[in-house]
> 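I have a structure I would like to understand better, so I am pasting it below and will then ask my questions one at a time.
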Number of protein chains: 2
Amino acid sequence: MSTKTYRIEEVSNITGLTKRAIRYYEDLNLISPQRTESSYRLYTDEDIEKIKRIVSLKESLAFSLAEIKQTLELDQEVENILSAEMAELATLNNYIEMIKSQIKLIGEKVDKLKATGERFEDLLSRLSCLEEKVRKEDVR
Amino acid sequence: MSTKTYRIEEVSNITGLTKRAIRYYEDLNLISPQRTESSYRLYTDEDIEKIKRIVSLKESLAFSLAEIKQTLELDQEVENILSAEMAELATLNNYIEMIKSQIKLIGEKVDKLKATGERFEDLLSRLSCLEEKVRKEDVR
DNA sequence: CTCTAGCTTAACATTAACGTCAAGGTTAAT
DNA sequence: ATTAACCTTGACGTTAATGTTAAGCTAGAG
């Protein structure tokens, strides 16, 4: 068994979270790394996996109001262009790129959410199996 | 044209937002309802549609850290049950229901995100048409 | 006309999720 | 043994997105 452990800075680099955020998650009892005698936090690969799951769930956070505003504005601007049926080529291509990146972003969020959903689908089917089994034994 | 207007409380009931939130969105320039002479806010059906879009985008917000924690805990508890391969029927069915509701919730968020995505897909294809058209005219 | 319910702005409060010091202990290389 | 580069725990600051309270107009029912 690989018993390698990591200190917080390394974990920060691996997960993309700040050290502050990682400690904060510990305050919230999302994670509970071991400690050295001098109370340095030591993270295992398991801890890191858990943190990665947290990050994935967090990243599927969709929109702050500021982002919603931008989204609606982009929408509106494009609608204006479309109804005017004219614009410079450069402008058009600009907007096309912006919309493409929006679509990509949304797609990524959808994927992450779906991954979480599938995880639960899996748990559900396994639980259902167990339930059936237990039910039969109870009858017996 | 239906010129019906609504006062803020009505809008609150229709959209499920608090009056405070609705006013706050106005501060952020997400909406700009008309005003009566005595500066009462008057919302049109269009305003309400816009607010509904905002709500939809907001609801696709996936998880706060508190929710993430619950999600991970549920996951863990189910894993424990599964690995122990035993539990009372009532307990099992409880967890099955909890997981089902998680799955449903995630499905709803995915749907809302997808709706937003499709909206942009539509804009993109219309923009691309226009771009092509403009490009041809430019060449001419 | 009056009263109540609803509207307004303004201002301060709160919660989540961190950022940013500060003061001091630890580790490891030189 | 020293020093730089880590780590620790506070504690206070910040931003977004509201909640709450207050003080004072307004609209509509009776």
Side-chain angles (χ1 to χ4, degrees), chain A residues 3-44 47-48 50-73 109 112, chain B residues 3-44 47-48 50-73 109 112:
Chain A
T3 319
K4 163 142 205 215
T5 58
Y6 308 80
R7 295 209 309 204
I8 195 163
E9 176 133 46
E10 220 170 337
V11 178
S12 166
N13 292 331
I14 296 173
T15 62
L17 294 174
T18 63
K19 291 187 273 186
R20 178 65 172 93
I22 297 172
R23 294 197 190 99
Y24 179 61
Y25 294 174
E26 186 175 347
D27 285 350
L28 297 185
N29 288 313
L30 283 169
I31 40 180
S32 332
Q34 301 165 237
R35 300 298 189 106
T36 68
E37 283 187 8
S38 50
S39 49
Y40 276 34
R41 292 173 175 80
L42 287 184
Y43 300 84
T44 65
D47 287 327
I48 292 185
K50 190 158 183 182
I51 294 177
K52 282 184 180 170
R53 282 192 65 194
I54 295 172
V55 170
S56 166
L57 282 168
K58 261 180 56 67
E59 280 177 352
S60 55
L61 277 170
F63 303 101
S64 68
L65 285 176
E67 288 169 323
I68 288 177
K69 188 182 175 194
Q70 284 177 32
T71 299
L72 293 182
E73 279 169 0
K109 288 177 193 290
K112 280 170 191 163
Chain B
T3 320
K4 164 139 201 216
T5 58
Y6 307 80
R7 296 207 310 204
I8 196 164
E9 175 131 47
E10 222 170 334
V11 177
S12 167
N13 293 331
I14 295 173
T15 62
L17 294 174
T18 63
K19 290 186 274 186
R20 179 65 171 92
I22 297 173
R23 294 197 189 99
Y24 179 61
Y25 294 174
E26 185 175 348
D27 285 349
L28 299 185
N29 288 314
L30 285 169
I31 39 180
S32 333
Q34 300 166 237
R35 300 297 188 108
T36 66
E37 284 187 6
S38 49
S39 49
Y40 275 34
R41 292 172 174 83
L42 287 184
Y43 298 84
T44 65
D47 287 325
I48 291 185
K50 190 158 184 182
I51 294 176
K52 282 184 179 170
R53 282 191 68 195
I54 296 172
V55 171
S56 167
L57 282 168
K58 259 179 58 66
E59 281 177 352
S60 56
L61 276 171
F63 303 102
S64 67
L65 286 176
E67 288 168 322
I68 288 178
K69 189 184 174 192
Q70 285 177 31
T71 299
L72 294 182
E73 279 170 358
K109 288 177 193 290
K112 279 169 191 162

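Protein chains get the first letters and strands the later ones, always in sequence-line order, with residue 1 at the start of each.
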> Over how many whole Å does the gap from B/Glu67 atom CD to C/dA17 atom C1' extend?
14 Å

> Find the distance A/Arg35:CZ to D/dT9:P and express it as a whole number of Å.
5 Å

> For A/Lys58 and C/dC18, is the shortest distance between a side-chain N/O and OP1 or OP2 below 4.0 Å?
yes

> For B/Ile22 and B/Ile31, which heavy atoms make the closest approach, and how far apart are they?
O-CD1, 3.8 Å

> Ignoring hydrogens and angles, answer whether the base of C/dT20 and the side-chain atoms of A/Arg20 contain a donor-acceptor pair closer than 3.5 Å.
yes

> Phosphate oxygens OP1/OP2 of C/dC7: is one of them under 4.0 Å from a side-chain N or O of B/Ser38?
no

> Calculate the interatomic distance between B/Tyr24 atom OH and D/dT20 atom P; express it in whole Å.
17 Å

> Go through D/dA27, D/dT18, C/dT26 for me and flag the one nearest to the B/Tyr40 side chain.
D/dA27

> Under 4.0 Å between a side-chain N/O of B/Arg41 and OP1 or OP2 of C/dC7, yes or no?
no

> By the definition side-chain contact (heavy atoms from CB on, under 4.5 Å), identify the one residue from B/Arg7, B/Gln34, B/Glu26 that meets it with B/Arg41.
B/Glu26

> Please state how far atom CG in B/Leu42 lies from atom C1' in D/dA27, giving the value in whole angstrom units.
12 Å

> How long is the line joining CG of B/Leu28 and P of D/dT15, in whole Å?
15 Å

> With respect to the phosphate group of D/dC25, does any side-chain polar atom (N or O) of B/Ser39 fall under 4.0 Å of OP1 or OP2?
no

> Could you state the atom-to-atom distance from NZ of B/Lys19 to C1' of C/dA10 in whole Å?
17 Å

> Between atom CD1 in A/Ile8 and atom C1' in D/dC6, what is the gap in whole Å?
11 Å

> Could you tell me whether a side-chain N or O of B/Thr71 sits under 3.5 Å from a main-chain N or O of B/Glu67, the two making a donor and an acceptor?
yes

> Any side-chain N or O of B/Arg7 below 4.0 angstrom from OP1/OP2 of C/dT8?
no

> Among C/dA17, D/dC7, C/dT8, which nucleotide has an atom closest to any side-chain atom of A/Glu9?
D/dC7

> Report the distance from atom CD of A/Glu37 to atom C1' of C/dT27, rounded to the nearest whole Å.
14 Å

> With a 4.0 Å cut-off on heavy atoms, is A/Thr18 in touch with a base, just the backbone sugar-phosphate, or nothing at all?
sugar-phosphate

> Could you report the tightest heavy-atom contact between A/Ile68 and B/Lys58, atom names first, then the distance?
CD1-CG, 3.6 Å

> Students often get this wrong, so: under 4.0 angstrom with heavy atoms, is A/Arg23 touching a base, only sugar-phosphate, or nothing?
base

> For A/Lys50 and A/Tyr25, run side chain to side chain contact (heavy atoms under 4.5 Å, CB included): C-alpha distance rounded to whole Å, both residues' side-chain angles, the deciding distance at 0.1 Å, then the answer.
CA-CA 11 Å; A/Lys50 190 158 183 182; A/Tyr25 294 174; over 6 Å; no

